Structure formats: C-alpha cells, structure tokens
Visitor: 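Structure incoming, see below.
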Amino acid sequence: MFIDQDRCKRCLDCMPVCPMGAIVLAQKQVHIDYEACVECGVCRRFGICKEDAIRQVDEIPYPRVVRAAFSDPLEAHANTGVGGRGTEEMKTNDVTDMFQAGQIGFSIEIGRPGLGAYLSDMDKVVRKVTSLGGVFAPDNPVYPLISDRSSGALKPEVLREKVMSAIAEFLIPEEKAMGVVKELAAFLNAELDSVASMSVICRADERGDCRFLKQVKQAGFAPYPNGKVNIGMARI
Ligand code: SF4
Ligand code: SF4
C-alpha cells in the first residue's frame, strides 16, 4: 500500500484507521511505513480517503505478498482457499475430525493487531515444534512455508515479512502432550519477539470429562475453555 502524494491533501483522517500504526506524518507528508505495513487492506477498504490517495500496486511482489495472505481476510491463501489466517481452525473438529482420540491438537498463534509478528518468530516456533515431534497440519498456510521438513526451517526469503498474525497447527500423541505444553510455554515466553498464545484441543469422554484438561490444570496452567458445538445444519 502507498499514498499518492499528488492526491493526498494531508487531512490525516486515515492515520487512526490503520491497525498497525503504519500511516505516518513525516516531513509534512503522509506516508505508509513500508516496514510496518502488513498489507491488510483496511485503510483502502474503510473508504476513509475522499481523495482516493491510498493506493495499491497492481501486484504485490513475492515475498511481500505473504503479508497480505496472512493479514487481509479477503485474500485467500493459495493452498487452503481460506482467507485471513487461512485455516478452518481446530474448534471445527466436530465437522472436520482432524483430531482423533489419543491425539492432542495444538495451535500456536503469533502476533495481534497493533503489534504483528515477523515470520522469523514463526520460524522459531516451527523449528521448536519439529524438534518436539509435532506433526503439522498440511492444510494450514504455514505448512507450505516450511522449506526443510527435518529441521522445520521456513523459506529464508519470508523471514523478514511481517504479518498481523499467523497460526501453526500440529498434532502430538496424548502421552507426550503435557511435556510439550510445558516446553512450549517456557519457549514462547523466552524466545519470541512478538506475543503468542497456545491452544490445545482434546476430546471429552462420554461424560464430558477430559483427562488432558485436568493434567493441564494440575500442572498450574489456567486454561480458558473455548467450546463450540456445530449442530449439523445443512449436513445429511
Ligand atoms: S485520508 Fe487521504 S487525503 Fe487524508 S491524509 Fe490520508 S491519504 Fe491523505
Ligand atoms: S494496508 Fe493495513 S497495515 Fe498497511 S497501511 Fe493500510 S491499514 Fe495499515
């Protein structure tokens, strides 16, 4: 995204619209900070500029286009066809059956509006998860960015790309999962430049109890339960 200086009247109306604070006033001109901008498209879609001075190039070049793919909800990821963070997400498990009994599903989300995250942080996450034996979801948009499956290294050219947020999803066998929770919690606190959150998904038994959730609480974590029930409308 950029601002056409021939059209811009320096009214400053667009500055508060950017969720990344990337629209700045410098040397009496309004600019988009190329490094801070995650190409989310909000400034243009909001329609704030009466002069139509907020412009987008015809085609965002690679690897910068990765920013838009992770940050603009109207931009579908090439491998998933899903916009935004590009994944159906684990809470739809009652439809997708991604997580079977004996497996714990994990997701690590990095970044948030206002802060964002560099994919170098995701590189650290994927390497760490790989070393812990995690099996990544192939239909997650982080997966095609992995260039070396044995180490978990991401493609070097995307590491300096900044996104609003990104999610890695993976499976861990239940018997190893509590150890992985502890390792990842310590790692995320110590090693990342951005913020991160960890989610786990486990199946409840027929009484609604979840053994793994009890283990998580006993280990001193305070999980925030997030349940969702799809009632099957439009399914046969
Ligand atoms: S809203 Fe448009 S005219 Fe006003 S400062 Fe932003 S780009 Fe310039
Ligand atoms: S595309 Fe998004 S991040 Fe970039 S200037 Fe516009 S609102 Fe800000």
Side-chain angles (χ1 to χ4, degrees), residues 1-89 107-126 140-145 154-169 188 191-197 199:
M1 208 67 75
F2 69 96
I3 290 181
D4 183 339
Q5 298 300 331
D6 293 334
R7 291 170 179 253
C8 178
K9 296 286 192 287
R10 290 103 172 117
C11 68
L12 312 186
D13 285 355
C14 54
M15 288 177 69
V17 167
C18 173
M20 299 302 294
I23 305 180
V24 294
L25 180 64
Q27 293 160 343
K28 298 185 180 173
Q29 287 190 326
V30 178
H31 295 276
I32 291 180
D33 179 334
Y34 196 67
E35 187 55 39
C37 171
V38 294
E39 302 290 357
C40 68
V42 167
C43 51
R44 252 181 90 71
R45 269 201 306 280
F46 207 79
I48 189 77
C49 183
K50 297 175 185 63
E51 309 302 325
D52 196 20
I54 302 173
R55 317 289 293 184
Q56 183 57 285
V57 295
D58 290 340
E59 195 171 336
I60 305 172
Y62 179 80
R64 187 172 176 85
V65 71
V66 172
R67 296 183 183 224
F70 278 92
S71 309
D72 184 342
L74 300 187
E75 193 77 31
H77 286 265
N79 72 318
T80 66
V82 178
R85 291 168 301 188
T87 168
E88 296 289 354
E89 299 194 36
S107 75
I108 306 286
E109 177 170 8
I110 60 168
R112 62 166 167 75
L115 183 63
Y118 283 97
L119 288 174
S120 54
D121 264 354
M122 185 53 84
D123 177 74
K124 293 178 197 168
V125 168
V126 175
N140 173 294
V142 169
Y143 189 75
L145 300 182
L154 298 196
K155 295 174 181 174
E157 69 270 22
V158 303
L159 299 184
R160 287 295 305 155
E161 297 304 329
K162 189 176 188 182
V163 299
M164 192 91 81
S165 64
I167 303 179
E169 295 171 291
L188 295 173
E191 301 293 337
L192 298 193
D193 294 324
S194 187
V195 293
S197 64
S199 301

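For ligands, and for the atoms within them, numbers begin at 1 and follow the listed sequence. Keep in mind it's a predicted model, so treat the numbers as computed, not measured.
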Visitor: Taking 2.8 Å as the cut-off, does an N/O/S atom of Cys40 lie below it from atom 8 (Fe) of ligand 2?
Guide: no
Visitor: State the atoms of ligand 2, each with its element, that fall below the 4.0 Å cut-off from a heavy-atom position in Ile32.
Guide: 5 (S)
Visitor: Taking non-hydrogen atoms only, is Glu39 closer than 4.0 angstrom to ligand 2 via side chain, backbone, both or neither?
Guide: backbone
Visitor: Under 2.8 Å from atom 8 (Fe) of ligand 1, is there an N/O/S atom belonging to Cys14?
Guide: no
Visitor: Need the ligand 2 atom indices (1-based, order shown) with element for anything under 4.0 Å from a heavy-atom of Pro19.
Guide: 7 (S)
Visitor: Is the number of heavy atoms from other residues, nucleotides or ligands under 6.0 Å of Phe46 CZ greater than 12?
Guide: no
Visitor: Is the contact between Leu12 and ligand 1 made by the side chain, the backbone, both, or neither, using heavy atoms and a 4.0 Å cut-off?
Guide: backbone
Visitor: What protein heavy atom sits nearest atom 8 (Fe) of ligand 2, and how far away is it?
Guide: Cys18 SG, 2.3 Å
Visitor: What atoms of ligand 2 come closer than 4.0 angstrom to any heavy atom of Cys43?
Guide: 1 (S), 5 (S), 6 (Fe), 7 (S)
Visitor: Looking only at protein heavy atoms, which one is nearest to atom 1 (S) of ligand 1, and how far off is it?
Guide: Cys11 SG, 3.5 Å
Visitor: Is a side-chain N or O of Asn140 found less than 3.5 angstrom from the main chain of Ala168, in a donor-acceptor match?
Guide: no
Visitor: Which is it for Arg67 and Glu35 under the salt bridge (charged side-chain N to carboxylate O under 4.0 Å, His left out) test, yes or no, and what are the steps along the way?
Guide: CA-CA 11 Å; Arg67 296 183 183 224; Glu35 187 55 39; 3.7 Å; yes
Visitor: Could you check atom 3 (S) of ligand 2 against the protein and tell me its nearest heavy-atom contact, residue, atom and distance included?
Guide: Val38 N, 3.4 Å
Visitor: Quick test of your reading of the structure: of Ser71, Cys37, Gly41, whose heavy atom lies closest to atom 4 (Fe) of ligand 2?
Guide: Cys37
